[in-house]
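The basis for the numbers below is simple: all heavy atoms, side chains too, and nothing from hydrogens, waters or symmetry mates.
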Amino acid sequence: MSGFDDALSVIDSVISDEPAPNCQQCGRPHGDSPSGDFCSENCQRVWRGRHIAAKPAEDGGAHPSELPEAAPVTPLTWLGPAPAEAFAKPGHEVLDAVVTFVSRFSAFANEHAAPTLALWYAHTHVAERLYVTPRLILDSAEPGSGKTRVLEVAQYLVAKPEMTISITPAAIFRMLADGPMTLLFDEIDAVFNPKTGGNNEDLRALLNAGYKRSATVTRCVGDAKSMNVTRFPVYAPVALAGIAGGMPDTITTRAITVHMRKRRFDEAVEEFIEEDVEREAAPVRTELEAWISRVGDEVSRARPDRPEGVRDRAAEIWRPLLAIADAAGGHWPQTARRACHHFVIEATAQPASTGVRLLADIRQIFTEQKADRMVTAELIRELHAIEDGPWTDLQGKPLDSRRLAKELDRYLVRPKDLKVSGKTLKGYRIDGDGGLADAWSRYLPPPETDATSATSATPQVNATSATAEPPNSAATSATGVAEGRGTQQPLAPVLTSPVAEVADVAPAKPNHATEGER
């Protein structure tokens with residue numbers, strides 16, 4: 001008899017009008033059981049579980065049927081496999097969710113901060129596949145500007161977070177021995193503050209070197225009898241929060257700096273309840289980790305285009321973030337490049353050091369004066385006259401000629417002898433050996449326009465002077481200024497390009513202008 005007939009026989013015996021003499025499950029007499037088929041409820045449950053719930057489907061679930069099957073024992077292969085990313089969010093939606101989440105708890109100073117944080121959080125999940133990890137700096141002018149809150153939210157979105165306010169370099173490189181983790185430093189300005197008297201050079205060197213995957217720290221491990229040299233990897237994503245101005249320049253050049261500000265009274269953010277944030281961040285982090293893991297190889301091999309003016313180390317640290325944005329698609333390629341331009345070009349428009357600020361202010365003075373040379377005394381007066389400049393109070397003293405020469409000497413700019421009103425005075429030139437032009441081209445961005453630059457103005461004025469005046473008068477006027485004779489301002493120390501050039505060429509070609517007029 002087939003299995004089907006067996007099942008029918010059992011069912012008939014159960015539903016028949018005549019009760020079975022014994023329990024259908026255990027075979028014992030019914031006793032006082034109200035059931036005509038089973039001696040107890042337990043026997044009834046066991047029998048049903050064995051004969052109904054566990055009954056295999058007729059076709060094993062291999063083909064569709066009009067009637068539902070209780071428990072198919074094989075997958076429904078006739079439907080085919082599900083697409084690889086059928087239930088995965090696209091990258092642009094994943095990053096949008098991160099931006100929305102972090103914006104719930106922080107009021108950022110501009111529109112570029114939250115997208116940059118989302119890209120940075122994403123890169124921590126594939127840091128082991130990258131060659132460079134940019135440092136993230138959160139600074140502010142005053143405490144209570146939201147820096148710590150950003151780190152507190154970040155610890156639930158980044159990979160392997162380690163949040164700390166005090167840690168030794170030895171502890172860091174031993175923690176990193178098993179692979180990169182995301183270090184979140186708070187109150188870092190206190191660590192690097194020279195007033196604390198602490199020696200944190202080892203930590204600074206570790207943070208400097210650790211932005212590249214090849215970086216290691218070499219230490220001797222073991223006792224005196226069995227000493228071994230061990231190289232500890234120090235590559236890891238790092239976020240640093242502290243008051244502005246307390247960070248070493250060697251770290252800031254390897255970092256993306258997000259400036260935080262106090263919230264206005266009309267700006268509101270959600271209350272930060274850590275247990276709620278941890279729970280709500282979990283699905284966001286899971287989706288972020290899953291998506292970035294799928295595109296990790298693509299990101300590591302990418303060579304994304306970057307905004308104009310972003311190069312050298314800035315291009316190096318932004319490359320993984322731009323690659324992630326390109327992989328996400330949607331609006332993110334454009335959003336990331338606008339953020340990159342803002343943080344690299346616009347947010348760092350002010351000189352980063354006293355020397356670079358000095359070069360920038362001197363170039364501005366030379367441009368406004370349309371001069372190619374200037375004596376030291378006049379240059380210092382012009383620098384002191386800059387309203388927002390630091391030159392009247394450098395460590396309690398105004399800038400003088402000695403300090404000016406010392407600052408510029410670092411850029412190989414040195415004072416030269418200039419002849420003014422029959423006297424030889426020290427001053428600075430744009431061109432020539434020890435001139436300013438080379439330092440400007442190396443340490444300052446190109447000027448906004450060339451129309452007002454001193455070098456471009458020189459040939460135009462020279463040409464006008466040569467054709468507008470007779471040669472003798474031009475030569476006389478130029479010589480008078482250079483030698484301090486026949487000028488309305490004999491003591492003016494500013495020497496302009498046309499004056500110097502005409503004075504040099506007029507005696508050599510006395511009839512040049514006259515021949516041109518003929």
Quick one: do E316 and K212 make a salt bridge, cutoff under 4.0 Å? yes
Nearest atoms (heavy-atom pairs only) where I292 meets A122: CG1-O, 3.6 Å
Could you go step by step and tell me if V150 and V102 meet the side chain to side chain contact (heavy atoms under 4.5 Å, CB included) rule? CA-CA 8 Å; V150 173; V102 299; over 6 Å; no
Check the pair K406, D409 against salt bridge (charged side-chain N to carboxylate O under 4.0 Å, His left out), reporting the backbone distance first and the verdict last. CA-CA 5 Å; K406 182 179 179 181; D409 186 67; over 6 Å; no
Look up atom CG in D276 and atom CD in E270, then write down how far apart they are to the nearest 0.5 Å. 10.0 Å
So which atom in P143 and which in I243 form the shortest heavy-atom distance, rounded to 0.1 Å? N-CD1, 3.7 Å
Take V284 and T100 through the side chain to side chain contact (heavy atoms under 4.5 Å, CB included) test and state the conclusion after the steps. CA-CA 10 Å; V284 179; T100 301; over 6 Å; no
For L184 and P161 the tightest heavy-atom approach is CD1-CB, 4.3 Å
Do the non-hydrogen side-chain atoms of M163 and F185 ever get within less than 4.5 Å of each other? no
Close side-chain approach of I251 to I188, heavy-atom, < 4.5 Å: no
Is there a side-chain contact between I380 and E382 in this structure, where contact means two heavy atoms from C-beta onward sitting under 4.5 Å apart? no
CA sep, side-chain torsions, deciding dist, call: L207, L240, side chain to side chain contact (heavy atoms under 4.5 Å, CB included): CA-CA 10 Å; L207 296 177; L240 307 161; 4.2 Å; yes
Qualifying ring pair (Phe, Tyr, Trp, His ring centres under 6.0 Å) pairs with a residue from residues 285-337, counting only residues at least two apart or across chains: none
Between H125 (side chain only) and L157 (backbone N and O only), is there a donor and an acceptor less than 3.5 Å apart? yes
Mind checking ring-ring contact (aromatic ring centres under 6.0 Å, His included) for Y131 and listing every partner two or more places apart, or none if nothing turns up? none
Might you point out which heavy atoms bring A159 and T182 nearest each other, and give the distance in Å? O-OG1, 2.6 Å
For A255 and I317, which heavy atoms make the closest approach, and how far apart are they? O-CD1, 3.7 Å
CZ on R319 to CD1 on I324, rounded to 0.5 Å: 12.0 Å
Qualifying residues under ring-ring contact (aromatic ring centres under 6.0 Å, His included), relative to Y156, sequence neighbours excluded: none
Please tell me if the side chains of V299 and L130 come closer than 4.5 Å, counting only heavy atoms from C-beta onward. yes
Please lay out, stage by stage, how D266 and R264 fare under the test salt bridge (charged side-chain N to carboxylate O under 4.0 Å, His left out). CA-CA 5 Å; D266 59 341; R264 299 192 307 267; 3.0 Å; yes
Partner set under salt bridge (charged side-chain N to carboxylate O under 4.0 Å, His left out) for R285, not counting sequence neighbours: E289
Can you pull out every salt bridge (Lys or Arg N to Asp or Glu O under 4.0 Å) where at least one residue sits in residues 140-159? Sequence neighbours excluded, please. R149-E152
Given 3.5 Å as the limit, does a donor-acceptor pair link the side chain of S441 with the main chain of D438, or not? yes
Atom pair CZ (R254) and CD1 (I137), whose distance is rounded to the nearest 0.5 Å: 11.0 Å
With K426, which residues qualify under salt bridge (charged side-chain N to carboxylate O under 4.0 Å, His left out), at least two apart? D417
Quick check: do T257 and F343 have side-chain heavy atoms less than 4.5 Å from each other? no
Roughly how far, to the nearest 0.5 Å, is CD of E111 from OG1 of T116? 10.0 Å
Residue pair R261 / F108, side-chain heavy-atom distance below 4.5 Å: no
Going by salt bridge (Lys or Arg N to Asp or Glu O under 4.0 Å), name the pairs with one or both residues in residues 112-135, residues two or more places apart or in two chains. R129-D297
In the structure I gave you, are the side-chain heavy atoms of H342 and N110 within less than 4.5 Å of one another anywhere? yes
For Y411, all residues meeting ring-ring contact (aromatic ring centres under 6.0 Å, His included), sequence neighbours excluded: Y443
Do T250 and R204 have a side chain donor and acceptor closer than 3.5 Å? yes
Any chance you could lay out the side chain to side chain contact (heavy atoms under 4.5 Å, CB included) test for L321 and C340, step after step, and finish with the verdict? CA-CA 9 Å; L321 304 192; C340 177; over 6 Å; no
Enumerate the side-chain hydrogen bond (donor to acceptor under 3.5 Å, both in side chains) contacts for residues 383-399, please, sequence neighbours excluded, ordered by first and then second residue. D361-W391
What residues form a salt bridge (charged side-chain N to carboxylate O under 4.0 Å, His left out) with E407, not counting sequence neighbours? R403, R410
Here the pair of heavy atoms bringing R337 nearest to P304 is NH2-CB, 3.7 Å
For residues 298-315, the side-chain hydrogen bond (donor to acceptor under 3.5 Å, both in side chains) pairs (sequence neighbours left out) are T253-R313
Side chains of Q334 and R338, heavy atoms from C-beta outward: is any pair under 4.5 Å? yes
Suppose we screen for ring-ring contact (aromatic ring centres under 6.0 Å, His included). Which residues come up paired with H123, at least two apart in sequence or across chains? W120
Measure the CG-OH distance between L436 and Y428 for me, rounded to the nearest 0.5 Å. 8.5 Å
Can you tell me how far apart CG (L119) and CG (L136) are? Round to the nearest 0.5 Å. 11.5 Å
